[in-house]
Amino acid sequence: MHEELFEAMRQSVIDGDTAAASSLAEQVLATGVPPIDAIDLGFVPGLSHVGKLFGEGELFLPDMMLAARAMQKALAILEPELKRLATARVVVGRVVMGTVKGDIHEIGKNLVGMMLATSGFEVTDLGVDVAPERFVEAAREHNADIVGVSALLTTTMAGQRTVVEALAAAGLRPQTRVIVGGAPASAAWAAEIGADGYSEDAIGAVALARQLMGAA
Ligand code: B1M
């Protein structure tokens, strides 16, 4: 229905055109397009395309950085509307989340955090490059029901296992659940490292977190 708009969004991210991405996000707010559709069908596919071309050696790091910047700008514009549309008013559970040590990818993690927050979870976002001890400390401090651990690199995904182990060593398992996500993760990986679940996207992460809270 909004295919042209979504195509323009994809292209704005591919071009790393922050001004265009911002203006398209503003259009979403003005025209009542569901922001989650704009993210899922417009901006994210643009970034995925850039990632694919980077992987094939057709684009380079600065291209990926510009694309990420355009995407982040659009998300910042859409975030208040996502929050406004939030349905849940009761606190479903407390989540502490972050991206593993050595990994600075944050866009997917931010999206997951945003969706959880708009679905009734209290979210504490520790940011990127987060040491396992920091996950443990924050889980204690915030009395977390769930710790969410994101990793985007095959070289950093082992950090998800380290977080599970650190929580266990601190006596916080199994009562504190762990969910994992990010491109290299999978359900099989989650099972292998003893996590409580895996989701491939932000909507799925909300469903998984609700299920773990017995609120599905
Ligand atoms: Co990077 N990067 N990057 N990068 N980057 C990837 C991941 C890569 C697949 C690109 C490629 O080669 N095709 C590749 C990894 C290859 C591999 O490990 N096998 C790669 C590489 C190699 C690198 C560098 C090493 C490049 C270099 O320096 N030579 C470097 C690493 C830096 C580091 O972390 N130490 C690097 C740097 C960067 C930028 C800084 C330029 C930028 C990040 C900017 C930022 O986040 N502020 C960047 C980007 C943008 C990407 C791609 C293009 C897009 C990632 C993204 O934001 N996607 C990516 C290619 C790709 O994924 N197709 C790539 C959009 C986002 C909405 O999706 O993050 O997958 P995603 O999150 C999803 C799901 O995965 C899931 O839900 C989200 C929403 O649907 N999810 C969870 C994520 N976390 C979750 C947690 C959950 C549940 C679900 O529960 C807790």
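Atoms within a ligand are numbered from 1 in the order they appear, just like the ligands themselves.
Between Glu137 and Arg140, no side-chain nitrogen of the basic residue sits less than 4.0 Å from a carboxylate oxygen of the acidic one, so the salt-bridge criterion is not met. Between Arg173 and Asp196 there is a salt bridge, with a side-chain nitrogen of the basic residue lying less than 4.0 Å from a carboxylate oxygen of the acidic one.
The proximity of Met71 to ligand 1, defined as any non-hydrogen pair under 4.0 Å, does not occur for either the backbone or the side chain. Contact annotation for Thr154 and ligand 1: heavy atoms of both the backbone and the side chain come within less than 4.0 Å of the ligand. Residue contacts with ligand 1 for Val50 are absent, since no atom lies close enough (heavy atoms, distance under 4.0 Å). Neither the backbone nor the side chain of Thr156 comes within 4.0 Å of ligand 1, counting heavy atoms alone.
Between Ser199 and ligand 1, not a single N/O pair is under 3.5 Å apart. The shortest N or O to N or O distance between Ser150 and ligand 1 is under 3.5 Å. Residue-to-ligand polar distances keep Met65 apart from ligand 1: every N/O pair is separated by 3.5 Å or more. The shortest N or O to N or O distance between His105 and ligand 1 is below 3.5 Å. Of the N or O atoms in Gly51, one or more lie within a sub-3.5 Å distance of an N or O in ligand 1. At least one N/O-N/O distance between Gly102 and ligand 1 falls below 3.5 Å.
The atoms of ligand 1 that sit less than 4.0 Å from any heavy atom of Gly108 are 66 (C), 67 (C), 69 (O), 71 (P), 72 (O), 78 (C). Numbered from 1 in the order shown, with element, the atoms of ligand 1 that lie under 4.0 Å from a heavy atom of Ala202 read 77 (O), 79 (C), 80 (O). If you number the atoms of ligand 1 from 1 as listed, the ones under 4.0 Å from a heavy atom of Ile179 come out as 90 (O), 91 (C). Atoms of ligand 1 lying under 4.0 Å from any heavy atom of Glu106, numbered from 1 in the order shown and given with element: 45 (C), 46 (O), 47 (N). Which parts of ligand 1 touch Gly148 is read off a 4.0 Å heavy-atom cut-off, strictly below it: atoms 91 (C).
The environment of Arg69 atom CZ is sparse: at most 12 non-hydrogen atoms of other residues, nucleotides or ligands sit within 6.0 angstrom. Other residues, nucleotides and ligands contribute over 12 non-hydrogen atoms within 6.0 Å of the CD atom of Glu3.
In terms of protein heavy atoms, atom 81 (N) of ligand 1 is closest to Gly182 N, 3.5 Å. Here the protein heavy atom with the shortest distance to atom 54 (C) of ligand 1 is Leu47 CG, 3.8 Å. Ranking protein heavy atoms by distance to atom 33 (C) of ligand 1, first place goes to Ile104 CG1, 3.5 Å. For atom 9 (C) of ligand 1, the closest heavy atom belonging to the protein is Leu152 O, 4.9 Å. The nearest protein atom to atom 12 (O) of ligand 1, hydrogens excluded, is given as Phe54 CD2, 3.4 Å; this is a heavy-atom distance. Looking only at protein heavy atoms, the nearest one to atom 77 (O) of ligand 1 is Asp201 CA, 3.4 Å. For atom 44 (C) of ligand 1, the closest non-hydrogen atom of the protein is Ala68 CB, 3.7 Å. Protein heavy atom at the shortest distance from atom 20 (C) of ligand 1 is Leu153 CD2, 3.7 Å.
When distances from atom 59 (C) of ligand 1 to the protein are checked, no heavy atom turns up under 4.0 Å. Distance remark: protein heavy atom not present below 4.0 angstrom from atom 24 (C) of ligand 1. Counting protein heavy atoms under 4.0 angstrom from atom 87 (C) of ligand 1 gives one or more. Atom 17 (C) of ligand 1 is approached by the protein to below 4.0 angstrom, counting heavy atoms only.
Side-chain contact between Val147 and Val95: absent, with no pair of heavy atoms (C-beta onward) separated by less than 4.5 Å. Put simply, the side chain of Gln72 reaches to within 4.5 Å of the side chain of Ile107, judged on heavy atoms. Taking 4.5 Å as the limit, some side-chain heavy atom of Met71 sits within range of a side-chain heavy atom of Val44. Using a 4.5 Å cut-off on side-chain heavy atoms (C-beta onward), Ile77 and Leu29 make contact.
With Met97 as the partner, the side-chain contact (heavy atoms from CB on, under 4.5 Å) test is satisfied by one option alone out of Thr124, Asn110, Leu116: Leu116. For the side-chain contact (heavy atoms from CB on, under 4.5 Å) test with Phe135, the passing option among Leu126, Thr176, Val178, Val164 is Leu126; the others fail.
The closest approach between Asp103 and ligand 1 falls below 4.0 Å for a heavy atom of the residue.
No continuous path of hydrophobic side-chain contacts links Met114 to Val130 [ILVMFWY only; heavy atoms under 4.5 Å].
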Item to complete: Tell me, with the steps shown, if Val100 and Met157 meet side-chain contact (heavy atoms from CB on, under 4.5 Å).
Response: CA-CA 8 Å; Val100 291; Met157 65 189 288; over 6 Å; no
Worksheet item: Does the salt bridge (Lys or Arg N to Asp or Glu O under 4.0 Å) test come out yes or no for Arg10 and Asp15, once each step is laid out?
Response: CA-CA 9 Å; Arg10 283 193 284 272; Asp15 294 341; over 6 Å; no
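The shortest heavy-atom contact between Pro132 and Ala166 is CB-CB, 4.0 Å. The nearest pair of heavy atoms linking Thr156 to Ala151 is OG1-CB, 4.1 Å. Taking each heavy atom of Val92 and Ser119 in turn, the nearest pair found is CG2-O, 3.6 Å.
When Ser48, Ala183, Ala195, Pro45 are ranked by how near their heavy atoms come to atom 63 (N) of ligand 1, first place goes to Ser48. Heavy-atom proximity to atom 74 (C) of ligand 1, evaluated over Arg69, Glu200, Gln160, His49, is greatest for Glu200.
Residue pairs meeting the salt bridge (charged side-chain N to carboxylate O under 4.0 Å, His left out) criterion with at least one member in residues 56-65, sequence neighbours excluded, are Lys52-Glu56.
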